[in-house]
Amino acid sequence: MANISDKMNEALNKQIGEELESAYIYLGMANWFEERTLVKLADWFDNQAKEEFAHAMKFKTHILERGGKVHYPMLREQKQDWSNIMEILEATLAHEQFITGKISELYELAQEIKEYSTLPLLLWFIEEQVEEEDNAMALIDRYKGYKNDFNFDHHVVREEAQE
Ligand code: MG
């Protein structure tokens, strides 16, 4: 018998898809930078993709720990081309805001159907999203200070993720 309800299981499974799709989006962005030899930005987005994969696995572990079932959905092809750096940075922030909304919906659902065991995991993600949005905003702010893309790239630093 699963400890997790079908409803929560299904909702978390959907979120695994969102996290994997996030990784897919950032991998495309990393390529765009790599093609232009903006290597630090390429690294930043590659690492971001890895983090998204880790998020998906965090949800997977939780589902399995609670006796649920994991199903990996098919990933859709994502955008692969942009006209400039700012377009990518803004798309990144918008995407993280979208994910924050998804996490909030999960939190509301867990409360509504009394899935209290899922709340600590979702609180972790709520905190994580504060960081994700802050990282994206920081990149946008810093980019505004540079006239040259390579100069900006040279100064991109990534805070090491906790955990
Ligand atoms: Mg994520």
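Both ligands and their constituent atoms are indexed starting at 1 by order of listing. Predicted model only: the values in this text are computed from it and were never measured.
A donor-acceptor contact shorter than 3.5 Å links the side chain of D153 to the backbone of L41. A distance-only check finds no donor-acceptor pair linking the side chain of Q97 to the backbone of E133 [under 3.5 Å]. W32 places a side-chain N or O within donor-acceptor distance of the main-chain N or O of W82, the cut-off being under 3.5 Å. Between the side chain of Q48 and the backbone N or O of W44, no donor-acceptor pair lies under 3.5 Å.
Protein N, O or S atom count below 2.8 Å of the Mg ion (ligand 1): the structure gives 3.
Checked against the 6.0 Å centroid threshold, F59 and F125 count as a close aromatic pair.
Annotation for Q129: atom CD counts as buried by contact number, over 12 foreign heavy atoms lying within 6.0 Å.
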